[in-house]
Engineer: 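Let me give you the structure first, and then I'll get to my questions.
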Amino acid sequence: VGDSVKKGDILVSLDAEDLETAIKQQEFALEKIKLTINHFKNQERKILKQDPNADTSDLKYQINLNQIERKSIEYTLNKLKERMNNTKLVSPIDGRVVFVADLSEGDVVRPYQKIVTVADPNNLELVMEYKQNSPTAIVTGMKAEIEINDEIYAGEVIGTPADIPEGTDDRYKNLLILSIEEQPEGIKVGDMASVSIIIQKKDNVIKIPKQAVREYLGRKYVQILEGEVKKEVDIEVGIESATEVEVIKGLEEGQQVILR
């Protein structure tokens, strides 16, 4: 992980010893058939040079027969080379390796298994660790606000732990992946960012600092100041963030809430 690669670089090679042997055999067979065809053609030319009216139908038959065999060998050879090309995973872009599956030489690879990921440094994505009690609270498609170098950029969740393929290294099982709509100039791999993901959104609501909410035996309440008198008011809460709470019932706009 972290290595730079060029378009066309080989990232992974599968065991293809049997294919390599089969290709060599077909290449030898192709050379042999070419020599055979040339041999019959030379014989025909010599005979016709001595006697332009000579019957060379047997030689023509042998030449045509071997030409057909040559096409068959070439077809088989091309198919084997196609299969050989499919045993090599090459990078489709210039970029940097950001994911490598935990595999060793000789391991069996499942169909469609994710093995290597190459990222385009000019189209970076944000990766962050995500450890929550509810792993499905954040899902693909949610909008986000991303702060980089004191500037806010719009983003979107494009990958969650629920999207990680089976068999992926444990290091990658608690990661969120986010795209940035307009990538900042000068940003590079390894830069830090702050992320706010919008799980729920409501407009025109009353919200208070989370530290103002008190709980006792399942009751949620706040202390408010009426004049110079403290008063306890039961509340019903809605959306909660790490720092703020929506108050659905119990408070009115403008009331002074006492923090703990």
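Heads up: numbering here begins at 1 and tracks the sequence.
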Engineer: Return yes if some donor-acceptor pair links the side-chain N/O of D55 with the main-chain N/O of S57 below 3.5 Å, else return no.
Structural biologist: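 Yes, because the side chain of D55 sits within donor-acceptor range (under 3.5 Å) of the backbone of S57.
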
Engineer: Indicate, with yes or no, if V118 and L103 share a hydrophobic cluster defined by side-chain heavy-atom contacts under 4.5 Å among Ile, Leu, Val, Met, Phe, Trp and Tyr.
Structural biologist: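 Looking at the clustering, V118 is in the same group as L103.
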
Engineer: Let me know which of Q25, E31, K24 forms a side-chain contact (heavy atoms from CB on, under 4.5 Å) with E27.
Structural biologist: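 Output: one option passes, namely K24.
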
Engineer: Please check: side-chain N/O of N78 versus main-chain N/O of Y75, any donor-acceptor pairing under 3.5 Å?
Structural biologist: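 No; judged by distance alone, with no hydrogens or angles, the pair does not exist.
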
Engineer: Just grab all the side-chain hydrogen bond (donor to acceptor under 3.5 Å, both in side chains) pairs involving residues 79-91, residues at least two apart or on different chains.
Structural biologist: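 As it turns out, there is no side-chain hydrogen bond (donor to acceptor under 3.5 Å, both in side chains) pair with a partner in residues 79-91 once direct neighbours are skipped.
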
Engineer: Got a donor-acceptor contact below 3.5 angstrom from the N66 side chain to the Q62 backbone?
Structural biologist: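 Judged by distance alone, yes, a pair lies under 3.5 Å.
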
Engineer: Check whether Y221 forms a cation-pi arrangement with R219 (NZ or CZ under 6.0 Å from the six-membered ring centre, at most 45° off the ring normal).
Structural biologist: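 Checked: cation-pi criterion met.
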
Engineer: Quick one: closest heavy-atom pair of I248 and V237, and the distance?
Structural biologist: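 Here I248 and V237 meet closest at CD1-O, 3.5 Å.
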
Engineer: Nearest 0.5 angstrom please: T36 OG1 to I63 CD1, how far?
Structural biologist: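 It comes to 11.0 Å.
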
Engineer: Which heavy atom in G250 sits nearest to a heavy atom in V233, and how many Å separate them?
Structural biologist: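 Heavy-atom minimum between the residues: O-CG1, 3.0 Å.
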
Engineer: Considering residues, nucleotides and ligands other than N149, do more than 12 of their heavy atoms fall under 6.0 Å from its CG?
Structural biologist: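 Counting other residues, nucleotides and ligands, CG of N149 stays at 12 neighbours or fewer.
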
Engineer: Just verifying a value: how many Å separate Q211 CD and T243 OG1, rounded to the nearest 0.5 Å?
Structural biologist: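 Q211 atom CD to T243 atom OG1 measures 9.5 Å (nearest 0.5 Å).
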
Engineer: Between E246 (side chain) and I239 (backbone), is there a donor-acceptor pair under 3.5 Å?
Structural biologist: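 Between the backbone of I239 and the side chain of E246 there is a qualifying donor-acceptor contact (under 3.5 Å).
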
Engineer: So D234 and K220, do their side chains get closer than 4.5 Å, heavy atoms only?
Structural biologist: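 Counting from C-beta outward, K220 and D234 never come under 4.5 Å.
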
Engineer: Say you draw a straight line from CG of L175 to CD1 of I177; how long is it, rounded to the nearest 0.5 Å?
Structural biologist: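 One gets 7.0 Å once the value is rounded to the nearest 0.5 Å.
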
Engineer: Taking N64 for the side chain and Y61 for the main chain, is one N or O donor matched with an acceptor at less than 3.5 Å?
Structural biologist: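 Absent.
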
Engineer: With side-chain contact (heavy atoms from CB on, under 4.5 Å) as the test, would you mind laying out the steps for M84 and I23 before giving the verdict?
Structural biologist: CA-CA 9 Å; M84 176 62 76; I23 288 173; 3.9 Å; yes

Engineer: Could you please spell out the steps behind the side-chain contact (heavy atoms from CB on, under 4.5 Å) verdict for E236 and V247?
Structural biologist: CA-CA 6 Å; E236 182 180 340; V247 178; over 6 Å; no

Engineer: What closest approach, in Å, do I146 and S179 show between heavy atoms, and which atom pair accounts for it?
Structural biologist: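 Nearest heavy atoms, I146 then S179: CD1-O, 3.9 Å.
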
Engineer: Under the criterion side-chain contact (heavy atoms from CB on, under 4.5 Å), I'd like the reasoning laid out for V97 against V116: C-alpha separation, chi angles, the key distance, then a yes or no.
Structural biologist: CA-CA 7 Å; V97 177; V116 179; 4.0 Å; yes

Engineer: Would you mind listing every salt bridge (charged side-chain N to carboxylate O under 4.0 Å, His left out) that reaches into residues 204-218, with sequence neighbours excluded?
Structural biologist: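 Listed once each, the pairs are K207-E244, K210-E240.
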
Engineer: Taking I68's backbone N and O only, do any of them form a donor-acceptor pair with S72's side chain (distance below 3.5 Å, no angle check)?
Structural biologist: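 The answer is no, because no donor-acceptor pair under 3.5 Å joins these two groups.
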
Engineer: Is there a donor-acceptor contact under 3.5 Å from the side chain of D191 to the main chain of I187?
Structural biologist: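 No; judged by distance alone, with no hydrogens or angles, the pair does not exist.
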
Engineer: Could you measure the distance from the CD atom of Q255 to the CD1 atom of I224? Nearest 0.5 Å is fine.
Structural biologist: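 Q255 atom CD to I224 atom CD1 measures 4.5 Å (nearest 0.5 Å).
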
Engineer: Which atom pair, heavy atoms only, marks the closest approach of I180 to I148?
Structural biologist: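 Looking at all heavy atoms of both residues, the shortest contact is CD1-CD1, 4.0 Å.
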
Engineer: Count the heavy atoms belonging to other residues, nucleotides or ligands that lie under 6.0 Å from NZ of K7, then report whether that count exceeds 12.
Structural biologist: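 Not buried by this count: 12 neighbours or fewer within 6.0 Å.
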
Engineer: Do E232 and V222 have side chains that approach each other closer than 4.5 Å (heavy atoms only, starting at C-beta)?
Structural biologist: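 E232 does not reach V222 side chain to side chain.
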
Engineer: Could you check whether any side-chain heavy atom of D9 comes within less than 4.5 Å of a side-chain heavy atom of K6, counting everything from C-beta outward?
Structural biologist: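 A side-chain contact under 4.5 Å exists here.
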
Engineer: Working to the nearest 0.5 Å, report the span between CD1 of I197 and NZ of K143.
Structural biologist: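 Between I197 CD1 and K143 NZ, I get 12.5 Å after rounding to 0.5 Å.
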
Engineer: Looking only at heavy atoms, what is the nearest atom pair of I47 and A54, with distance?
Structural biologist: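 Looks like CG2-CB, 3.5 Å.
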
Engineer: Out of curiosity, R70 CZ to L65 CG, how far, rounded to the nearest 0.5 Å?
Structural biologist: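 Those atoms lie 14.5 Å apart.
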
Engineer: Decide whether L19 and V90 are clustered together by the hydrophobic rule: side chain heavy atoms of Ile, Leu, Val, Met, Phe, Trp, Tyr closer than 4.5 Å, transitively.
Structural biologist: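 No; V90 is not reachable from L19 via cluster members.
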
Engineer: Which heavy atom of I206 sits nearest a heavy atom of L251, and at what distance?
Structural biologist: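 Here I206 and L251 meet closest at CD1-O, 3.5 Å.
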
Engineer: Do the side chains of V5 and L11 get nearer than 4.5 Å, heavy atoms only?
Structural biologist: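 Heavy-atom side-chain distance check passes, below 4.5 Å.
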
Engineer: Please say which of I138, V139, L126, V195 ends up in a side-chain contact (heavy atoms from CB on, under 4.5 Å) with V157.
Structural biologist: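 Checked I138, V139, L126, V195 against V157; only one passes side-chain contact (heavy atoms from CB on, under 4.5 Å): I138.
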
Engineer: Could you walk me through whether E125 and L178 pass the side-chain contact (heavy atoms from CB on, under 4.5 Å) check?
Structural biologist: CA-CA 6 Å; E125 296 169 349; L178 300 96; over 6 Å; no

